[in-house]
Amino acid sequence: MADSNDAKAVLHRYLRSVRENLIWKLDGLNEREARLPRTATGNNLLGVIKHCLNVEAGYFGPTFGREFPMPEELVPMRAYDEDPQADWYAREDETKDGLVDLYRRVGAFADQTIDQLPLDAPGQVSWWPGNQSVTLQHIIVHVTSDLARHAGHADIMREQHDSAVGLRREDTNVPDDYDWPAYVSKLTKLADRFA
């Protein structure tokens, strides 16, 4: 059985992987393409990045008594009173490259918290109702799960934009040279049998 340091390394590796998978979904997109709403609720690729960086900054910062070095770059809690979607879109004064850079810095900040604390380190999530007590392990799993969900959103939005697919930049985890139009036709015909 792995010791707690090995367990922490595994959890940390998954978190960093999901973070990088999210960021690469913006590769090659211009500002408009990154910001363009792609769902009926306004989801957009840059907004997903902004949301996720704020999630990491909060959970790996104040939860464990730490503050991001430049808190003015993050969405303040009071902003949600005016606009509950405040972290789901880039403002006019924010850029794709700027938010990607901010996410990388937030990631380094989160990584420091993980590196410095044991998995059983206690924390408090002030914005949770009821029991706010957590451990670092709980938060790593919680945040990784949340980011993975949003990485799935990003996967679909990017595929809808230009058919770019895949788990990682260097390994799409999708068959090469596959006849995707024929596959979609096959699935459509199968679904139509149930009409």
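- When all heavy atoms are compared, the tightest approach of Val18 to Ala151 is CG1-CB, 4.3 Å.
- Contact record, Ala57 with Val106: N-CG1, 3.6 Å, taken as the closest heavy-atom pair.
- Between Glu20 and Arg104 the shortest side-chain heavy-atom distance falls below 4.5 Å.
- Closest approach of Lys50 to Ala86, counting heavy atoms only: NZ-O, 3.6 Å.
- Heavy atoms of other residues, nucleotides or ligands lying less than 6.0 angstrom from CD of Glu92 number 12 at most.
- With hydrophobic clusters built from ILVMFWY side chains whose heavy atoms lie under 4.5 angstrom apart, Tyr89 does not share a cluster with Met77.
- Residues Leu99 and Leu29 are members of one and the same hydrophobic cluster, defined by side-chain heavy-atom contacts under 4.5 angstrom among Ile, Leu, Val, Met, Phe, Trp and Tyr.
- Of the residues listed (Thr144, Asp111, Val143), the one engaging Arg19 in a side chain to side chain contact (heavy atoms under 4.5 Å, CB included) is Asp111, and it is the only one.
- Atom CG of Asp87 and atom CD1 of Ile49 lie 12.5 Å apart (nearest 0.5 Å).
- Between the CG atom in Asn30 and the CG atom in Leu36 there is a gap of 9.5 Å [rounded to 0.5 Å].
- Asn54 approaches Val75 most closely through the heavy-atom pair OD1-N, 2.9 Å.
- A heavy-atom distance below 4.5 Å is found between the side chains of Val10 and Tyr14.
- Gln116 CD to Leu136 CG: the interatomic distance, rounded to the nearest 0.5 Å, is 11.0 Å.
- Aromatic ring centres of His138 and Trp128: separated by under 6.0 Å.
- Ring planes of Tyr183 and Trp180: perpendicular class, angle over 60° (limits at 30 and 60°).
- Under 3.5 Å, the side chains of Asp146 and His142 contain no donor-acceptor pair of N or O atoms.
- Side-chain atoms of Leu117 and Phe60, non-hydrogen and from C-beta on, never get closer than 4.5 Å to each other.
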| message | Working note: Leu74 + Leu53, criterion side-chain contact (heavy atoms from CB on, under 4.5 Å); need CA distance, chi angles, decisive distance, verdict. | response | CA-CA 8 Å; Leu74 304 171; Leu53 75 86; 3.8 Å; yes
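- In this structure, Arg91 and Arg35 approach most closely via the heavy-atom pair O-NH1, 3.2 Å.
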| said: Walk me through whether Trp88 and Thr41 qualify under side-chain contact (heavy atoms from CB on, under 4.5 Å). | reply: CA-CA 10 Å; Trp88 281 100; Thr41 57; over 6 Å; no
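- Side-chain contact between Ile114 and Leu15 is present, with at least one heavy-atom pair separated by less than 4.5 Å.
- Gly58 and Pro62 make their closest contact through O-CD, 3.2 Å (heavy atoms, listed as atom of the first residue, atom of the second, distance).
- The pair Arg158-Glu33 fails the salt-bridge criterion, with no side-chain N (NZ, NE, NH1 or NH2) lying under 4.0 Å from an Asp/Glu carboxylate O.
- Rounding to the nearest 0.5 Å gives a distance of 6.5 Å between CZ of Arg105 and CE of Met70.
- Side-chain contact check for Gln124 and Thr63: no donor-acceptor pair (N or O, by modelled atom type) lies under 3.5 Å.
- Asp177 CG: 12 or fewer foreign heavy atoms inside a 6.0 Å radius.
- Note that the CD atom of Glu31 and the CG atom of Leu46 stand 6.5 Å from one another [nearest 0.5 Å].
- Residues Leu147 and Val134 fall within the same hydrophobic cluster, defined by Ile, Leu, Val, Met, Phe, Trp and Tyr side chains chained together at heavy-atom separations under 4.5 Å.
- Around the OH atom of Tyr80, the shell of radius 6.0 Å holds more than 12 heavy atoms that belong to other residues, nucleotides or ligands.
- The CG atom of Leu11 sits 11.0 Å away from atom CG of Asp6, with the distance rounded to the nearest 0.5 Å.
- Looking at Ser17, its side chain never comes within 3.5 Å of a backbone N or O of Arg13 through a donor-acceptor pair.
- Contact check for Asn43 versus Arg38: no side-chain heavy atoms found under the 4.5 Å cut-off.
- In terms of modelled atom types and a separation under 3.5 Å, the side chain of Lys25 and the main chain of Ile156 share no donor-acceptor contact.
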| message | Working note: Leu26 + Tyr103, criterion side-chain contact (heavy atoms from CB on, under 4.5 Å); need CA distance, chi angles, decisive distance, verdict. | response | CA-CA 12 Å; Leu26 291 173; Tyr103 197 5; over 6 Å; no
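- Remark: the backbone N or O of Gly107 is not paired with any side-chain donor or acceptor of Glu56 at under 3.5 angstrom.
- Residues His12 and Asp115 are in side-chain contact: their nearest non-hydrogen atoms beyond the backbone lie under 4.5 Å apart.
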| task | Might you work through the side-chain contact (heavy atoms from CB on, under 4.5 Å) test for Ile140 and Leu119, ending with a clear yes or no? | result | CA-CA 9 Å; Ile140 295 171; Leu119 284 177; 3.9 Å; yes
